[in-house]
Amino acid sequence: MTALYHTARAVNAWVVRNREALILLAPAALLLGIFFFVPLTGLFSLSMFDPRPTFAHYQEFLGDPTNWIILARTFALAIKVTLICLLFGYPLAFWIVSTPTWVARALLLAVVLPFFTSYLVRTYAWMVILGRFGIINQLLMALGLTERPLDLIYNQFSVLVAMVYILMPYTVLVLISVMRGIPFSLTRAAGSLGASPAQNFWRVFFPLSVPGVIAAGLLVFLLALGFYITPALLGGPNTILLPMQIDAYVNGTLNWPLAATAATVLLAVTLVFYSISNYFVDSERLLSSQQGTAQSAASTVRHSTSAYVKLIDFATARARAIGRSLRFPLGLARSCERAALGGKLIRGLSLILVAFLVSPILIIVPISFSSSRFLDFPPPGLSLQWYEAYFTSDAWVSATFQSLGVGIATALVSLAVGSAAAMALVRGSPGMRRVGYQLLLAPLIVPVIISAVALYFLFAHLQLVNTSLALVLAHSIGAVPLVVLIVAASLQAQNIRLEHAAASLGASRIVTIWRIVLPLIRPALIVAGFFAFLASFDEVVLSLFLSGPDTMTLPVKMWSGIREEITPTIAAVSSLLIAFTIIVYAGVETVRKAGERQTRKAS
């Protein structure tokens, strides 16, 4: 009884000390608890009960040789993508940190450019390039290297190329952030002791960059395991992966228990590798790191593998901050480049990779103005017919407004819930920060196909499928952690003494937050809201499972158009999306800079 009494008193004292943090954390806990953890629990229960506890579903799934083939194919493809990304991404990252700032900024622009385009647009671009009468086949036949088109699409090759294209920027940005943190004193000491440039690179610089290689590799591998859209569009019968098999169980055979079993297996694999990644990368430092610039996402995500899953979008928007802070010693880097890897080889591979990252996006815009009824590049003539087809189509316009409405609602919900949670974690106790951080970032770890299936089962029972409410709730699950990370980084950079001063002058906590804290982090709030909106506007998988005829979003409409009939209308929509993203981002940047100037004047 005495021990129980003391435990109760300790718990009560902890609650009193963290009462404010618990109140701020409550909305996020309710949102994620009800619409993320409960559906995942239901998914696991569905795989374990029939209606009594049983392993029959796992026996059926694992007893099917076809599923083992699919598992092996999924792992093999993820490993291939990871190795290719590391092999080509490391030289580019090394060149970026060892080149003058203006060159580094240009290279970074090429790396981050794909992030400003829709996920579907990037996949669609490779359909144009690799198609039977696509750009590569036209070029090969024009050069006389082949007499008829090669089968470059709807196979594992096309899936591999597109996945590498989508995941390469993640690899490069992770490696850059780690390479920038290598102390100059160590490499300088090695040089003063007589180490040649090659020895300096291979025995000092490269070993110090290995944690970044491991973090980038694990990140890419985890993301590759959960890929669904790209394999579904570019793959063929021999490229069925586990996420596609899960979808087949849900929408094909309607075998929900087996779908839940397959999703649970994928989730278990993901959690195992996430635990391994946390062994190498301390994710807790994310909320305790004291970086100079709160808006620099590179300095924020450097300490967290899981954060990259969504926060890389924010890192791309702040690429200029990375370029301004490149401090690696250029002289040593250049000598390492020449002696260890070969400067010409590095620059050659990097330029090829830059062209690989930029060209798909640049090809889409000209095709959207084509006068041809087919995907011809270069266009035989110029025409606005495909833009006219978009604006005069009720289906396209309705889907656009649906995405705008859901995106704005998601941004508002995520901003309110995520900002409060970020404040609770930053100002709360270390224990609360540790637990809260892991729980809030859980949606970034779980493959989106698993979340989509779990939410579909839940909302089907609640009769919320094909409603805007379901889409807003589902999209907010992924957007809230993104807001938490961005706002928490800004709060860490603020001087807490200003809050203490306001409290000492008699201001209540609500007044302090409203009059002191929120104005100081306004630029971060603007950026967080923008990327929460983009995360919702570009969401495909969740929308595919939860939308319907009355709530079809623009990505779902594009998905249907790509699968049913590929026309330049898709290119026109893609070009409009690129333009829309750039315009909105420019507006956000203008407002953010104005807010920063006002904040500096006020301080």
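In this text the structure is predicted, and so the values were computed from the model without any measurement.
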Using only atom types and a distance under 3.5 Å, with no angle test, would you say the side chain of Arg132 pairs donor to acceptor with the backbone of Leu150? no
So Phe533 and Thr410, do their side chains get closer than 4.5 Å, heavy atoms only? no
Nearest non-hydrogen partners of Met244 and Pro231, listed with the distance: SD-CB, 3.4 Å
d(Thr171 OG1, Ile84 CD1) to nearest 0.5 Å is 11.0 Å
Do Thr74 side-chain atoms and Leu242 backbone N/O form a donor-acceptor pair below 3.5 Å? yes
What pair of heavy atoms forms the shortest contact from Ala259 to Val250, and how long is it? CB-CG2, 3.5 Å
In Å and rounded to the nearest 0.5 Å, what is the CD1 to CG distance from Ile445 to Leu222? 9.0 Å
Please report the shortest heavy-atom distance between Trp559 and Ile229, naming the atom on each side. CZ3-CD1, 3.4 Å
Is there a side-chain contact between Val81 and Phe221, using heavy atoms and a 4.5 Å cut-off? no
Without swapping roles, check the side chain of Gln245 against the backbone of Asp247 for a donor-acceptor pair under 3.5 Å. no
Distance-minimising heavy-atom pair for Ala262 and Phe61: CB-CE1, 3.6 Å
Could you state the interatomic distance from CD1 (Ile246) to CG (Leu266), rounded to the nearest 0.5 Å? 5.0 Å
CD1 of Ile486 to CZ of Phe530, rounded to nearest 0.5 Å, is 10.5 Å
Would you say Thr239's side chain and Gly236's backbone share a donor-acceptor pair under 3.5 angstrom? yes
Leu173 and Leu108: side chain to side chain contact (heavy atoms under 4.5 Å, CB included), yes or no, with the steps? CA-CA 9 Å; Leu173 291 175; Leu108 278 169; 4.1 Å; yes
Quick one: are Ile129 and Leu152 in side-chain contact, heavy atoms under 4.5 Å? no
Assess the residue pair Val446 and Thr270 against the criterion (side chain to side chain contact (heavy atoms under 4.5 Å, CB included)); give the C-alpha distance rounded to whole Å, side-chain angles, the decisive distance to 0.1 Å, and a yes or no. CA-CA 7 Å; Val446 177; Thr270 303; over 6 Å; no
Can you give me the closest heavy-atom contact between Ala474 and Leu455, atom names plus distance? CB-CD1, 3.7 Å
Between Ile364 and Ile570, is any pair of side-chain heavy atoms under 4.5 Å apart? no
Within the distance-only criterion (no hydrogens, no angle test), does the side chain of Ser158 pair as donor or acceptor with the backbone N or O of Leu234 below 3.5 angstrom? yes
Other residues, nucleotides and ligands only: do more than 12 of their heavy atoms fall within 6.0 Å of OH on Tyr249? yes
When you measure from the side chain of Asn137 to the backbone of Gly131, do you find a donor-acceptor pair of N or O atoms at a distance under 3.5 Å? yes
Side chain proximity check, Leu577 to Leu554, heavy atoms < 4.5 angstrom: yes
Hey, what do you get for CE (Met163) to OG1 (Thr82), rounding to the nearest 0.5 Å? 8.0 Å
Ring geometry between Tyr165 and Trp126 (parallel below 30°, tilted from 30 to 60°, perpendicular above 60°): perpendicular
Rounded to the nearest 0.5 angstrom, the CG-OH distance for Leu241 and Tyr228 is 11.5 Å
Counting N and O atoms only, with roles assigned by atom type, does the side chain of Ser560 sit under 3.5 Å from a partner on the main chain of Val556, one being a donor and the other an acceptor? yes
Between Ser451 and Leu542, the two heavy atoms sitting closest are C-CD2, 4.1 Å
Sole residue of Leu357, Thr230, Ile166 in side-chain contact (heavy atoms from CB on, under 4.5 Å) with Arg122: Ile166
Report yes if the side chains of Ser414 and Ser476 come closer than 4.5 Å at any heavy-atom pair, otherwise no. yes
Compare all side-chain heavy atoms of Leu92 with those of Leu349 and state whether any distance is below 4.5 angstrom. no
Is the shortest heavy-atom distance from the side chain of Val128 to the side chain of Ile367 under 4.5 Å? yes
Report the C-alpha separation of Thr553 and Val540 in whole Å, then their side-chain angles, then the decisive distance to 0.1 Å, and conclude whether the side chain to side chain contact (heavy atoms under 4.5 Å, CB included) test is met. CA-CA 9 Å; Thr553 62; Val540 185; over 6 Å; no
